[in-house]
Amino acid sequence: MLILSEHDVNELLTMPECIDVMHRLFATLATANFVQPLRLIACQPDRRGGIAAMPAFVGTSNAIGAKLITVFPQNRKAGLDSHQGIVALHETQQGRLLGIFHAGAVTEIRTAAVSGMATRLLAREDAGDLAILGSGAQARSHLQAMRSVRTLRRVRVWSRTTDNAQAFASWASGDVRGIEIRVCVTPEEAVCDADLICTVTAATQPVLQGAWLTPGAHINAAGASVPGFRELDTDAIMRSRLFVDSRESALAEADDIRAAISEGRVDTSHIAGDLPELASGRVPGRRNADEVTLFESCGMAIEDVAAVAFLYERATALGRGTTVEF
């Protein structure tokens, strides 16, 4: 059995490569054989954290696997990532376990890579004024994803904790040279005139309002992926041409969308398409330069399985990782 650590995953799976892996996955998914139930979540009674199980079969990768991951949003105070766990990859003939992969690293890269793919398909070609709401691991990976698909002119960041936003800006200034990185006091200041917006918070109440959106903006909403969390108000949903990774997941788990529906402001037909439809060209994306587009990300087990199938092939070819008897 192969084991890939956080360091191994980060070295072997670059952001541009992962964006391409996700694009190939979704472009073929409309006609491919895959199985993915909704994730199973068990939360602690005090809501401090919880654990999720996410199994999937991906025919295009001939892979079957599952992610088992805990989410503890307060971990950053202790210097730990909020996501802890593993992704297991099995072969599809006898079900033998092939590998175990660091779930935090896989999740960090593939989540932003899917947003990068959506941005490549939905954002204006000249988009480059980026606002990031949030300052954790997904803020870092989303900056890398946005850099991979668009030429950035400016980056503004807001976080509920100013010290965290400052720490992100310090890191980003060293990683993205020649681009202004500015910390903003309010989310409205951060998104004013921005044409790329990434929300990557653990907010339970909206931090992005539709009234702040500039015509032609594209939004990646990646923080509120399970019930109980919400980043966008209903006006932001209403103003946007809305795409999701999975209709089933979005209607069961994305409170950004579910709240707008429960308020009677939109219905399920407001979802213009899902990523398989968008990536395969079955549904058009942006229709004009002034349209606001939105990708609401719940995260899917097929993304994890496709990512680790790619990692397994690469690590095996290069002789990387640790092999153990199990």
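All values below come from the heavy atoms of this structure, side chains included, with hydrogens, waters and symmetry mates left out. Given the structure is predicted, the values throughout are model-derived calculations rather than measurements.
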Practice task
Might you work through the side chain to side chain contact (heavy atoms under 4.5 Å, CB included) test for Thr119 and Phe295, ending with a clear yes or no?
Solution key: CA-CA 8 Å; Thr119 301; Phe295 168 54; over 6 Å; no
Handout entry: Euclidean distance, Leu143 CG relative to Met15 CE, rounded to 0.5 Å
Key =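 Reported to 0.5 Å precision, the distance equals 9.5 Å.
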Handout entry: Working for side chain to side chain contact (heavy atoms under 4.5 Å, CB included), residues Glu189 and Trp158
Key = CA-CA 8 Å; Glu189 178 188 355; Trp158 169 84; over 6 Å; no
Problem - Neighbour count >12 (heavy atoms, 6.0 Å) for atom CD, Glu313 - result: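 Count not over threshold, so no.
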Practice task
Output all residues satisfying side chain to side chain contact (heavy atoms under 4.5 Å, CB included) with Glu11, sequence neighbours left out; order by chain, then residue number.
Solution key: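 Per chain and number, Glu11 pairs via side chain to side chain contact (heavy atoms under 4.5 Å, CB included) with His7, Arg320.
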Problem - Side-chain ion pair, Asp304 and Arg110, N-O less than 4.0 Å - result: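 Answer for the salt bridge query: yes.
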Practice task
State whether Glu17 and Arg314 are salt-bridged, where the test is any N-O pair (Lys NZ or Arg NE/NH1/NH2 against Asp/Glu carboxylate O) under 4.0 Å.
Solution key: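 Yes, this pair counts.
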Problem - Flag for Thr92-Asn62: side-chain donor and acceptor within less than 3.5 Å - result: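 Side-chain D/A pair, Asn62 to Thr92: present.
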Exercise for the section: Enter the distance from Met300:CE to Thr111:OG1 here, rounded to the nearest 0.5 Å. Expected result: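 One gets 12.0 Å once the value is rounded to the nearest 0.5 Å.
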Handout entry: Glu231 side chain to Thr201 side chain, donor-acceptor N/O pair below 3.5 angstrom
Key =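 Checked: Glu231/Thr201 side chains pair up, N/O donor to acceptor below 3.5 Å.
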Problem - Donor-acceptor side-chain pairing of Thr293 and His218 below 3.5 angstrom - result: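 Thr293 vs His218: donor-acceptor pair found between side chains.
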Handout entry: Co-membership, hydrophobic cluster, residues Leu40 and Val71, 4.5 Å side-chain
Key =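 Per the 4.5 Å side-chain linkage, Leu40 and Val71 are not co-clustered.
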Practice task
Report the C-alpha distance between Arg265 and Asp235 in whole Å, list the side-chain angles of each, state the deciding distance to 0.1 Å, and finish with yes or no for side chain to side chain contact (heavy atoms under 4.5 Å, CB included).
Solution key: CA-CA 9 Å; Arg265 305 281 296 280; Asp235 285 343; 2.8 Å; yes
Problem - OG on Ser82 to CD on Gln74, rounded to 0.5 Å - result: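 Those atoms lie 10.0 Å apart.
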Practice task
For side chain to side chain contact (heavy atoms under 4.5 Å, CB included), just list the numbers for Asp267 and Ile261, CA-CA rounded to whole Å, side-chain angles, deciding distance to a tenth of an Å, and then say yes or no.
Solution key: CA-CA 5 Å; Asp267 58 27; Ile261 292 174; 5.6 Å; no
Exercise for the section: Look at the side chain of Glu180 and the backbone N and O of Arg154, then say whether any donor-acceptor pair between them is shorter than 3.5 Å. Expected result: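 Side chain of Glu180 to backbone of Arg154: no pair is present.
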Handout entry: Ile197 and its side-chain contact (heavy atoms from CB on, under 4.5 Å) partner, picked from Asp129, Ile219, Ile132
Key =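 Answer after filtering Asp129, Ile219, Ile132: Ile219.
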Practice task
Run through Val149, Val21, Leu275, Leu278 and flag the one making a side-chain contact (heavy atoms from CB on, under 4.5 Å) with Met117.
Solution key: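 When Val149, Val21, Leu275, Leu278 are each tested with Met117, the side-chain contact (heavy atoms from CB on, under 4.5 Å) holds only for Leu275.
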Practice task
Spell out, as yes or no, whether a donor-acceptor pair under 3.5 Å connects the side chain of Arg150 to the backbone of Gly128.
Solution key: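 Looks like no, no N/O pair under 3.5 Å.
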Exercise for the section: Output yes when Arg120 and Asp20 qualify as a salt bridge under the 4.0 Å nitrogen-oxygen rule, no when they do not. Expected result: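 Looking at Asp20 together with Arg120, the answer is yes, because their closest N to O distance falls below 4.0 Å.
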Handout entry: Asp163 and Thr161: side chain donor to acceptor below 3.5 Å
Key =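 Side chains of Asp163 and Thr161: no pair found under 3.5 Å.
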Exercise for the section: Check the hydrophobic clustering (I, L, V, M, F, W, Y; side-chain heavy atoms under 4.5 Å; chains of links allowed) and say if Leu294 and Val114 are grouped together. Expected result: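 Cluster IDs for Leu294 and Val114 differ.
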Handout entry: Cluster link Val266 to Leu232, ILVMFWY, side chain under 4.5 Å
Key =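 Yes.
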Handout entry: Distance-only side-chain donor-acceptor flag, Gln138 / Ser141, under 3.5 Å
Key =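 Distance-only check passes for Gln138 and Ser141.
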Handout entry: Flag for Glu263-Thr234: side-chain donor and acceptor within less than 3.5 Å
Key =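 Judged by distance alone, the side chains do pair up.
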Practice task
Output yes when a side-chain donor or acceptor of Asp274 lies under 3.5 Å from a complementary backbone atom of Asp245, and no otherwise.
Solution key: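 Not confirmed, Asp274 side chain does not pair with Asp245 backbone.
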Handout entry: Min side-chain heavy-atom separation Glu248-Leu38 under 4.5 Å
Key =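 The answer is yes; the side chains approach within 4.5 Å.
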Practice task
Answer with yes or no whether the hydrophobic clustering places Val244 together with Leu29; edges join I, L, V, M, F, W, Y residues whose side-chain heavy atoms lie under 4.5 Å apart.
Solution key: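 Val244 does not cluster with Leu29.
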Problem - Main-chain N/O of Ala222 paired with Ser297 side-chain donor or acceptor, under 3.5 Å - result: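 No, Ser297 side chain to Ala222 backbone: no donor-acceptor pair under 3.5 Å.
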Exercise for the section: Using atom types as modelled and distance alone, determine if a side-chain donor or acceptor of Arg48 lies under 3.5 Å from a backbone N or O of Cys43. Expected result: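 Not at all, since once roles are kept as given, no pair shorter than 3.5 Å links the two residues.
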Exercise for the section: For the residue pair Thr199 and Asn220, confirm or rule out a side-chain donor-acceptor distance under 3.5 Å. Expected result: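 Judged by distance alone, the side chains do not pair up.
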Handout entry: Basic-acidic side-chain contact under 4.0 Å: Arg39, Glu253
Key =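 Yes, this pair counts.
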Handout entry: Note, Ile86 side chain near Phe101 side chain (heavy atom, < 4.5 Å)
Key =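 They are not in side-chain contact.
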Practice task
In plain terms, say whether Asp126 and Arg153 are close enough for a salt bridge, that is, a side-chain N and a carboxylate O under 4.0 Å apart.
Solution key: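 The answer is no: the pair does not qualify as a salt bridge.
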Exercise for the section: State plainly whether one hydrophobic cluster holds both Leu311 and Leu25, where clusters connect Ile, Leu, Val, Met, Phe, Trp and Tyr through side-chain heavy atoms under 4.5 angstrom apart. Expected result: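 They do share one cluster, since a chain of ILVMFWY contacts under 4.5 Å joins Leu311 to Leu25.
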Practice task
Each residue besides Val185 in its hydrophobic cluster should be listed here, by chain and number; the cluster joins Ile, Leu, Val, Met, Phe, Trp and Tyr at side-chain heavy-atom distances under 4.5 Å.
Solution key: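 So far as hydrophobic clustering goes, Val185 is joined with none.
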Exercise for the section: Inspect the contact between Arg247 and Glu277 and indicate whether a charged nitrogen and a carboxylate oxygen are less than 4.0 angstrom apart. Expected result: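 Counted as a salt bridge, because a side-chain N and a carboxylate O are separated by less than 4.0 Å.
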Handout entry: Any side-chain donor near an acceptor of the partner, Thr107 and His83, under 3.5 Å
Key =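 On atom types as modelled, these side chains do not qualify, holding no pair under 3.5 Å.
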